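Chain letters run A, B, ... following the sequence lines, proteins first, then strands; residues in each count from 1. Please read these numbers as outputs of a predicted model, since none were measured by experiment.
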Number of protein chains: 2
Amino acid sequence: MDIAFLLYENMTSLDFIGPYQVFTLVPGARIHLVAAEPGPLRTDAGVRMHADRRLEEVPRADIVVVPGSSDPSKTMGDERVLAWLREMDRSTKWTTSVCTGALILGAAGLLQGKRATTHWTATEMLRQFGATPVAERVVFDGKLVIAAGVSAGIDMALTLVAREFGELVSQSIQLGIEYDPAPPFATGSLRTASPALIEASKALLQASLQR
Amino acid sequence: MDIAFLLYENMTSLDFIGPYQVFTLVPGARIHLVAAEPGPLRTDAGVRMHADRRLEEVPRADIVVVPGSSDPSKTMGDERVLAWLREMDRSTKWTTSVCTGALILGAAGLLQGKRATTHWTATEMLRQFGATPVAERVVFDGKLVIAAGVSAGIDMALTLVAREFGELVSQSIQLGIEYDPAPPFATGSLRTASPALIEASKALLQASLQR
């Protein structure tokens, strides 16, 4: 089972590492960290992470994972990346994204007519790619598996592992990473956040972009 | 506010990136990625991440975060790292760990007489450092903030941010990373996992060590 992650400059670190931590524990999984060029890439919060393989070296995989970014626009306009995603999608069993990674799949034309989600700040942008936004944490539509913002990639990966490799594998990984979440607040989604909190969170995300 | 992460070869990627994703969004936080030597470090699942600063370059911080590893023994025996942690702890407002990072704090002598937790596979090891293991996801004891396994670092960081920077900042970050967890199973901790699942998870973690 080959699992390829698309890495790129300015990606969000937890978008990548959440599902990475889950998928690397799948018995027999071969993980490929793929980018336009191998080597260190700066994430949007600063830490550099390494890609191992060039896009053209990994022309197929069973699962592809596209993490998001606080500003995915450059990758959304990178025709070489988009062509690679279209080519990958021909052979994948599952094509997945986390957060604004969905916008990159959309820019590649892969969300046309599909149900999808993304980070809550970007939901309406899905429509320009022909997708129907749905307010779910993990959206399955055919072989697409699309997660909401940042931390939702952990839930996406565990849910997909259960479907593809069975409940015991997924449960063993969930226990292995002790994923028994206890968030301090019940306001981690638009469903439950107040308008004032939504504005405060937008301001905080905007400020982090300018650092 | 200076926040230092101890990075080291073979650390667990989500132990680091969970709290990193949270703390980097704190307004005004200065993040320091500290290691024995700056440069790329291989995590226990394979991906390489970069430390920016040498231990001696960061002799103090307000918060220090020690991530765990599937095998922390080498770092637990690294006297240079342990001396740095003891030195840091003299000036920190909060000394924190995720997963088996607690064993590294223990090896540095910082858990003597304290309540603590760690990854569920390692709980009893805390006693050899004079700590009392408690089955909580995030344990506060004085200025120590100790998280359970891997994914618990997200809860630890958000809880600590609420205490140190206020609820609005923590809630804004929690919404910013859309942390409204929906784990597929309710068996992500020892409290709720069956004996058979615990054995399956141990076997899976053991197998991943040998890769």
Chemist: Less than 4.5 Å to any heavy atom of chain B: does that hold for the side chain of Ala193(A), its backbone, both, or neither?
Modeler: side chain

Chemist: Go through the atoms of Leu14(B) and report whether side chain, backbone, both or neither lie under 4.5 Å from a heavy atom of chain A.
Modeler: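 Interface part for Leu14(B): both.
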
Chemist: Sub-4.5 Å heavy-atom contacts with chain A: which residues of residues 133-149 of chain B show up?
Modeler: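 From residues 133-149 of chain B, the residues near chain A are Arg137(B), Ala148(B), Gly149(B).
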
Chemist: Quick one, Leu204(A) and Val26(B) - any side-chain contact, counting heavy atoms below 4.5 Å?
Modeler: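 No, their side chains stay 4.5 Å or more apart.
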
Chemist: If contact means a heavy atom pair closer than 4.5 Å, which residues of residues 195-203 of chain A contact chain B?
Modeler: Leu197(A), Ile198(A), Ala200(A), Ser201(A)

Chemist: Examine whether an atom of Leu205(A) lies under 4.5 Å from a heavy atom of chain B, and if so say whether it belongs to the side chain, the backbone or both; otherwise answer neither.
Modeler: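 Answer is side chain: those atoms of Leu205(A) sit under 4.5 Å from chain B.
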
Chemist: Just wondering, do Ile17(A) and Gln21(B) contact through their side chains at under 4.5 Å, heavy atoms?
Modeler: no

Chemist: A side-chain contact here means heavy atoms from C-beta on lying under 4.5 Å apart; do Val47(B) and Tyr20(A) qualify?
Modeler: yes

Chemist: Got a second to check how far Cys99(B)'s SG is from Ile177(A)'s CD1, nearest 0.5 Å?
Modeler: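 That separation rounds to 10.5 Å.
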
Chemist: Ignoring hydrogens and angles, tell me if any N or O in the side chain of Thr24(B) forms a donor-acceptor pair with the backbone of Ala45(A) under 3.5 Å.
Modeler: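 Not a single qualifying donor-acceptor pair exists.
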
Chemist: Anything in residues 182-192 of chain B with a heavy-atom distance to chain A below 4.5 Å? Please list those residues in order.
Modeler: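 Listed by number, the contacting residues are Ala182(B), Pro183(B), Pro184(B), Phe185(B), Thr187(B), Gly188(B), Ser189(B), Leu190(B), Arg191(B).
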
Chemist: Taking every non-hydrogen pair under 4.5 Å, which of Thr159(B), Leu175(B), Ile31(B) racks up the most with chain A?
Modeler: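 Going by pairs under 4.5 Å, I would pick Leu175(B).
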
Chemist: For Phe16(A), is it the side chain, the backbone, both or neither that has a heavy atom under 4.5 Å from a heavy atom of chain B?
Modeler: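 Side chain only.
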
Chemist: So what's closer than 4.5 Å to chain A heavy atoms on Leu33(B): side chain, backbone, both or neither?
Modeler: side chain

Chemist: Only heavy atoms, only distances under 4.5 angstrom. Which residues in residues 116-124 of chain B are near chain A?
Modeler: Thr118(B), His119(B), Trp120(B)

Chemist: Less than 4.5 Å apart, side chain to side chain, heavy atoms only: is that true for His50(A) and His50(B)?
Modeler: yes

